[in-house]
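In what follows, a structure is listed as structure tokens, so that the remarks can point back to it.
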Amino acid sequence: MNRSQPLDHLEHLDKELVEELAQVARVTVREELREQTRKQRRTAVLYGASGAAALYAGGAVVLAVGLALAIGLPGWAAALITGALMAAVAYALRAGARAGRGPHPPHRVVGGAPPVAPPGGLGMPYPPVPKDPPRTPADMDEPGR
């Protein structure tokens, strides 16, 4: 009698169990992904709505500044001053965003020689130049060389 013979009738149970466990795992993962997607979609919609509201609020502030300046100045001058103020704010915001990226290495060295290796630390920027030109087997056969 073969030892595997008593277990042969249980083989189909193992396959069914594996298939059932795989199906349950698929359904569970699908539901979890669906829930996470729903949460992320809601967050994205709220961020978009917040950005739109901030844009309209900024427009209202710019309009108010322009109208306040238009009380004592002609309309074109008030618009010009308001545009210049908005350009200055945009430039300051851009400078603030760039400052967060970290230090910027200099493009050239003032008062010294450039470093031997590149700043990335990857070794020499180019291989060293040999003292003598390379020799071929034909050069070695000639006695004068």
Side-chain angles (χ1 to χ4, degrees), residues 4 7-145:
S4 65
L7 299 177
D8 284 344
H9 69 281
L10 297 176
E11 188 173 302
H12 71 283
L13 291 176
D14 288 343
K15 288 181 183 177
E16 289 176 13
L17 181 62
V18 167
E19 289 175 11
E20 187 177 342
L21 285 174
Q23 181 65 27
V24 168
R26 278 190 221 107
V27 169
T28 305
V29 167
R30 190 176 299 129
E31 288 174 1
E32 181 67 27
L33 287 175
R34 189 175 293 132
E35 183 179 335
Q36 286 180 1
T37 303
R38 190 178 309 120
K39 286 180 183 177
Q40 288 176 349
R41 186 179 301 129
R42 180 176 182 271
T43 302
V45 166
L46 289 175
Y47 273 124
S50 170
L55 182 67
Y56 284 123
V61 169
V62 169
L63 180 64
V65 168
L67 290 175
L69 287 173
I71 292 173
L73 298 171
W76 64 268
L80 186 65
I81 291 171
T82 305
L85 287 173
M86 290 308 298
V89 167
Y91 186 77
L93 290 173
R94 178 177 167 254
R98 284 189 169 203
R101 283 199 252 162
H104 179 12
H107 293 288
R108 55 193 171 117
V109 179
V110 178
V116 177
L122 299 175
M124 305 263 315
Y126 48 84
V129 178
K131 294 178 184 173
D132 298 326
R135 298 183 63 184
T136 63
D139 294 336
M140 293 179 193
D141 290 343
E142 296 178 14
R145 290 195 169 196

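Bear in mind that the values here come from a model prediction, so they are computed numbers and not experimental data.
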Practice prompt. Check whether any side-chain N or O of Thr43 sits under 3.5 Å from a backbone N or O of Lys39 as a donor-acceptor pair, and report yes or no.
Written response: yes

Worksheet entry | Smallest separation among heavy atoms of Thr28 and Val24, with atom names | OG1-O, 2.8 Å

Worksheet item: What are the two closest non-hydrogen atoms of Ala78 and Ala70, and how far apart are they?
Response: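 Answer, listing the atom of Ala78 first, then Ala70: CB-N, 3.6 Å.
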
Item to complete: Measure the CG-CG distance between Leu80 and Leu73 for me, rounded to the nearest 0.5 Å.
Response: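 Rounded to the nearest 0.5 Å, the CG-CG separation comes out at 10.5 Å.
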
Discussion item. Can you pull out every salt bridge (Lys or Arg N to Asp or Glu O under 4.0 Å) where at least one residue sits in residues 18-27? Sequence neighbours excluded, please.
Written reply: none

